[in-house]
2 protein chains.
Amino acid sequence: MNVILKSHIKCNQCPIRHRAICSRCDEDEMAMLESMKSYRTYASGDVILWRGEPLEFVASVVSGVATLTKTMEDGRTQMVGLMLPSAFIGRPGRKVIDFDVTATDDVTLCCFDRVKFEKLIDDTPHVAQRLMELALDELDAARDWMVLLGRKTAREKIATFIELLSRHSSMNNDDHTKNIDLHMTRDQISDYLGLTLETVSRQFTALKKDGIIDFSDRRHFVVKDLAALHDETGDDADGGIVA
Amino acid sequence: MNVILKSHIKCNQCPIRHRAICSRCDEDEMAMLESMKSYRTYASGDVILWRGEPLEFVASVVSGVATLTKTMEDGRTQMVGLMLPSAFIGRPGRKVIDFDVTATDDVTLCCFDRVKFEKLIDDTPHVAQRLMELALDELDAARDWMVLLGRKTAREKIATFIELLSRHSSMNNDDHTKNIDLHMTRDQISDYLGLTLETVSRQFTALKKDGIIDFSDRRHFVVKDLAALHDETGDDADGGIVA
DNA sequence: ACCATGCCTTGATGTAGATCAACTAGATGA
DNA sequence: TCATCTAGTTGATCTACATCAAGGCATGGT
C-alpha cells in the first residue's frame with residue numbers, strides 16, 4: 001500500500017528536523033529542500049525497495065521503522081540495519097542497493113529525487129557533511145552489531161536489543177517507565193539478532209521471569225530494571241552501542 | 001617498533017595511488033597532499049592506535065595489513081575491520097575511535113595531521129568525495145560481514161575468508177595459482193570470523209582434504225579449485241562480498 | 001458462532017561448534 | 001645439542017542454540 005503525497009508537513013514542524021539529513025541546514029537550504037520533497041507512506045510489511053532495483057529516490061524515515069535485510073541463496077536471512085526515524089536511505093553515487101528495505105510498521109518517508117538530490121549535494125556542503133556523519137554513525141552501529149553477532153550469547157543479544165529500543169524511545173520521551181513498542185515480530189527480531197524465533201521467545205520469557213522487563217501485551221513492554229538490563233548486555237558501562 | 005619517516009616515495013610511484021583517498025585528485029591537489037604527508041612504519045603485532053586515544057593523525061595503509069578490533073569487558077574480542085592497502089584510518093570529525101588498530105604484518109602508513117587534513121577536506125571536494133566512497137565501501141563490507149557472522153557456518157566463514165584474500169591478492173597480481181599469504185595467525189582469523197582457533201584449524205584441514213586449497217606452509221596457501229571454493233562460501237554467483 | 005490464519009509459546013531432541021586437553025613442529029637461543 | 005617457546009593440530013567431551021513438533025490465543029472473515 002504505497003501512497004505518494006506532495007508535502008503537507010512544514011519542515012519547521014517536522015519531528016526529525018534536528019536529527020535528519022537537513023539538521024545543519026540554514027533557512028535558504030531548508031527552502032530548497034522543502035520545494036523538492038514529497039512524502040510516501042507504506043503499510044506494515046510493504047517492501048519499500050528491492051535489492052538490485054535502480055533507485056528513483058533517496059529518503060529520510062520520518063516515522064515508523066524500516067529494516068535492511070540480506071538474503072542468502074538458500075533463503076537464510078540477516079537484517080543488516082534498522083532504520084529508525086531520521087535515518088537516511090540511499091547514498092550519493094549508489095544507483096542500486098544490495099539489500100531489501102521493508103516497512104515493519106506503517107512508515108512515512110520524506111523523499112527526494114535521487115538525481116536532483118545528488119546535484120544538490122555538490123552545492124550544499126551542510127547536507128554533504130551531515131550525510132557523511134550519518135554514514136559514519138551507521139558504520140559505528142554496524143561494527144557494534146558485528147560484536148553482537150559474532151560474540152554475544154542469546155541473552156546478551158536480547159538485552160542489547162531491548163536496551164537499544166529503550167534508549168531510542170526515551171530520546172523522544174523521557175519517561176523510562178512507559179510502554180515501549182517492539183515494532184517487530186519475533187521472527188524479524190531473530191533475523192536482526194542472528195537467532196531463531198524460538199530462542200527470541202524463550203529469552204523474552206526468561207528476562208520477564210527475572211523481573212527485568214514486563215510485557216503488557218506481546219508487542220509492548222516496560223523496562224523494570226534498567227541497570228540489571230544493562231548488566232545483561234555484555235557491554236561496559238560507558239562505551240558499547242550508540243544508536 | 002614505530003618509526004616515523006618524512007616522505008621518500010613520490011606519490012606518482014605509490015602503489016595505492018589509484019585506489020586510496022587521493023585517487024581522484026589532480027596535479028595541484030596531489031602536490032598539496034605530497035607536502036603534508038609523512039610515513040610511519042609498524043612491526044607485526046604493534047598497536048597502531050588504542051581505543052579511546054585522541055587521534056593525532058589520519059592515514060592510508062600503503063602496505064601490510066592492519067586490523068580493527070573491539071573487546072568486550074570480559075575479554076571476548078571481535079575483529080570489525082580488516083585494513084588492506086588503500087584503506088583509510090580515521091574520519092573527519094571523529095577525534096577518537098572505538099576500537100584498537102593493530103598491525104598484523106609489517107605496516108607502512110601514509111599519514112596526515114588530523115587537524116590539517118580536516119581543513120584540507122573543506123577545500124578539496126575530490127578528497128571529500130573519495131572519503132565518502134571509502135566510508136560507504138566499508139559500510140557495505142561491514143554489512144556483508146554481518147551476514148557472515150550471523151548466519152554462515154564455520155566452513156562457509158572460512159571459505160569466504162579465503163576467497164576474500166584470494167580476490168584481493170589477484171587484484172595486484174593476476175596469477176591465481178600463486179601462493180597467498182594468510183597474514184594472520186589462526187587466533188586472529190578466529191577473531192575475524194567469530195569462531196575459535198581450533199575450529200579455524202579444523203576447517204582449513206577439511207578444505208585441504210577436499211582438495212580445494214593446499215598449504216605450502218602454515219601461513220601460505222594456494223587455491224586449487226576456485227569454483228569449488230566459491231560454492232562453499234554460501235554467496236550467490238555474482239553478488240556477495242566485494243572488498 | 002465458527003473456522004482460518006498468523007503469531008507466539010513451550011517442550012523434546014539433535015548438533016555445530018566451543019571447551020578442555022594432549023601432543024607436534026618450527027624457531028630462538030644458550 | 002638440548003631446552004624453551006609459540007603456533008598449530010587433533011581428539012574427547014560438553015553445551016548453547018537450532019530444529020522439530022504440538023498447542024494456545026488473538027484477529028478477521030463468512
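Below, chains carry the letters A, B, ... as their sequence lines are ordered, and counting in each starts from 1.
- Remark: P of C:dG17 and CZ of A:Arg151 are 13 Å apart, rounded to the nearest angstrom.
- Side-chain atoms of B:Glu198 come within donor-acceptor range of the base of C:dC20, with a qualifying N/O pair under 3.5 Å.
- Ring centroid separation for the pair A:Phe57 and A:Phe112 does not come in under the 6.0 Å cut-off.
- Between C:dA18, C:dG11, D:dC25, one nucleotide has an atom nearer to the side chain of A:Arg202 than all others, and that is C:dG11.
- Rounded to a whole Å, the CZ atom of B:Phe221 is 14 Å from the P atom of D:dG8.
- Which of D:dC17, C:dG17, D:dG8 sits closest to the side chain of B:Arg219 comes down to D:dG8.
- Defined by atom type and a distance below 3.5 Å, a donor-acceptor pair is present between the side-chain atoms of A:Ser216 and A:Asn179.
- Separating the CZ atom of B:Arg186 from the C1' atom of D:dT10 is a distance of 13 Å, rounded to the nearest angstrom.
- Atom CD of B:Gln203 and atom P of D:dT10 are 13 Å apart (whole Å).
- Straight-line distance from the CG atom of A:Leu193 to the C1' atom of D:dC17: 14 Å, rounded to whole Å.
- Residue contacts for B:Gly194: at a heavy-atom cut-off of 4.0 Å it reaches the sugar-phosphate backbone alone, with no base atom in range.
- Atom CG in A:Leu197 sits roughly 11 Å away from atom C1' in D:dT19 (whole-Å rounding).
- No hydrogens or angles considered: nothing links the side chains of B:Thr77 and B:Lys70 as a donor-acceptor pair under 3.5 Å.
- Taking the side chain of A:Thr205 as heavy atoms from C-beta on, and the options D:dC17, D:dG24, C:dT10, the nearest nucleotide is C:dT10.
- Side-chain contact, B:Thr199 with B:Thr196: a donor N or O sits under 3.5 Å from an acceptor N or O.
- When the side-chain nitrogen and oxygen atoms of A:Thr185 are compared with OP1 and OP2 of C:dC7, none of them lie within a distance under 4.0 Å.
- When the side-chain nitrogen and oxygen atoms of B:Thr199 are compared with OP1 and OP2 of C:dA18, one or more of them lie within a distance under 4.0 Å.
- If you take CG of A:Asp187 and C1' of C:dG6, they are 11 Å apart, rounded to a whole angstrom.
- Closest to the side chain of A:Ser201, from the set C:dT10, C:dC7, D:dC17, is C:dT10.
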